[in-house]
Asks: 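Once you've had a glance at the structure underneath, I'll fire off some questions.
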There are 2 protein chains.
Amino acid sequence: MQVFWARGYDSASTRDLLEAMKISRSSLYQAFGNKEQLFLEALRRYRGNLIDRLNHRLEASPSALGFLRELFVETAQESGSERAALGCLIFNSASELGQRGDIAAIEARRSVQAITALFHEAVVRSQAEGDIASDRDALALATYLTLGMAGLRTLLKSGAAPAQTEAAAELLLDTLR
Amino acid sequence: MQVFWARGYDSASTRDLLEAMKISRSSLYQAFGNKEQLFLEALRRYRGNLIDRLNHRLEASPSALGFLRELFVETAQESGSERAALGCLIFNSASELGQRGDIAAIEARRSVQAITALFHEAVVRSQAEGDIASDRDALALATYLTLGMAGLRTLLKSGAAPAQTEAAAELLLDTLR
DNA sequence: ACATATATGGACCGATCGATCCATATATAA
DNA sequence: TTATATATGGATCGATCGGTCCATATATGT
């Protein structure tokens, strides 16, 4: 997962993967079949971890809007760090694989949708909590937040200064109010 | 340029490039030195074309805010098209090359900054035209717009429906008012 | 026309790609 | 202990990678 995260799907060589997993070539192909299957498992694990963690944070948060605010501000604050340079495996994969027809690309798109679904849940809860007007289109807001996180990740990858990424994140959040 | 645009830097093979340019291997290396140099020329040409075209549109537009609105709405409307699947070479490259230290990555980051600079110009003009409050941070708004375009491009690549991308673009633009 | 410089085609290079194969090592079941 | 099934290391495969080389073709200057 970490190898695909750092290097991307195509550029991650099987030799990189073997070294990181500390197994031999036979074991990789015996256990996963091929590189694509291994990628699918890595992406699904990443997505599972991410969605679970965010769901947990959302449930534990007294305010769904506060959860969203913290998420975007914290991400913006990653500016300049090694973590920022990695980006998000889901958005990385969506960008690299794009509209390809194979299973890997389809799974990447599905993962973006999973992020939108989580944002949708947060928006609906925020509406129930009175922080977002109930007459606003929750799905449109969720898509907007996905767009915002994807854009923020690209900004971080392109080395934007912390002051700029944080200001941009604040502007993003203003739309919810 | 089109090959790097469609396939990315690493995945674009020299053989792909030769075929698209209808030249032989010797000519490529004689004219450009190596693959990286060719990529740099392609990226700079893309950036030059893009910035020139946008600058023209901005200058020709009676309203800088109208220019921004048209740009984002038109881009959102690309949803589902082949053009949408290609994305933008600049954001594609920024995402793929990330924080690498080589010249290609540096040039990709520089290109993102060029987009932000153009947005900055549009925001400042909008402020002069009274469409955006003068006390707002023009650089922050410009960064926000770059984030927005990058995010929109990622949404388009991940196959979001037209209704969703257009609604998200509208929400993006609301922030300027 | 002739000499010189540049551009081009295509064979070729070592390195690396994802993937396969087989002999051996290890785990499991009786 | 013995028979069977699974896991592993390492050599090896054909294909492809970016890049080099040289003979030939074309352009240029006189």
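By convention in this document, chain letters (A, B, ...) are assigned in the order of the sequence lines, proteins followed by strands, and residues within each chain are numbered from 1.
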Asks: Locate the shortest heavy-atom distance separating B:A12 from B:F4; write the atom from each residue and the value.
Replies: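 Closest approach of B:A12 to B:F4: CB-CD2, 3.7 Å.
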Asks: With a strict under 4.0 Å distance from non-hydrogen atoms of chain B, what nucleotide opens and what nucleotide closes the contacted stretch of DNA chain D, reading 5' to 3'?
Replies: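 The protein-touched segment is D:dC17 to D:dC21.
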Asks: Whole Å only: how far is the CD1 atom of A:I23 from the P atom of C:dT26?
Replies: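 From A:I23 CD1 to C:dT26 P: 17 Å.
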Asks: Check each residue of residues 1-13 of chain A for a non-hydrogen atom within less than 4.0 Å of any atom in DNA chain D, then write out the ones that pass by number, or none.
Replies: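 The answer is none.
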Asks: Strictly by modelled atom types, are A:T175 and B:T175 linked by a side-chain donor-acceptor pair under 3.5 Å?
Replies: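 Yes, a side-chain donor-acceptor pair sits under 3.5 Å.
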Asks: Test side chain to side chain donor-acceptor pair (under 3.5 Å) on B:D16 and B:S13 and set out the steps.
Replies: CA-CA 5 Å; B:D16 294 333; B:S13 75; 3.1 Å; yes
Asks: Can a cation-pi geometry be assigned to B:K157 and A:F91, taking NZ or CZ under 6.0 Å from the six-membered ring centre and within 45° of the ring axis?
Replies: no
Asks: Minimum heavy-atom separation for B:A122 to B:A64, with atom names?
Replies: O-CB, 3.4 Å
Asks: Salt bridge or not between B:R153 and B:E78? Use side-chain N to carboxylate O under 4.0 Å.
Replies: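 B:E78 and B:R153: salt-bridged.
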Asks: Return yes if some donor-acceptor pair links the side-chain N/O of B:Y144 with the main-chain N/O of B:L172 below 3.5 Å, else return no.
Replies: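 At least one qualifying donor-acceptor pair exists.
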Asks: Take the protein atom CG of A:L17 and the nucleotide atom P of C:dA19, then report the distance between them rounded to whole Å.
Replies: 11 Å
Asks: Residues from residues 26-42 of chain A sitting under 4.0 Å of DNA chain D, heavy atoms only?
Replies: A:S26, A:S27, A:Q30
Asks: So, the side chain of A:S158 versus the backbone of B:Q113: is there a donor-acceptor pair under 3.5 Å, distance only?
Replies: no
Asks: Strictly distance-based, threshold 3.5 Å: is any side-chain N or O of B:S81 a donor or acceptor partner for the main-chain N or O of B:A84?
Replies: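 A pair under 3.5 Å: yes.
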Asks: Under 4.5 Å between any side-chain heavy atoms of A:L155 and B:T143, yes or no?
Replies: yes
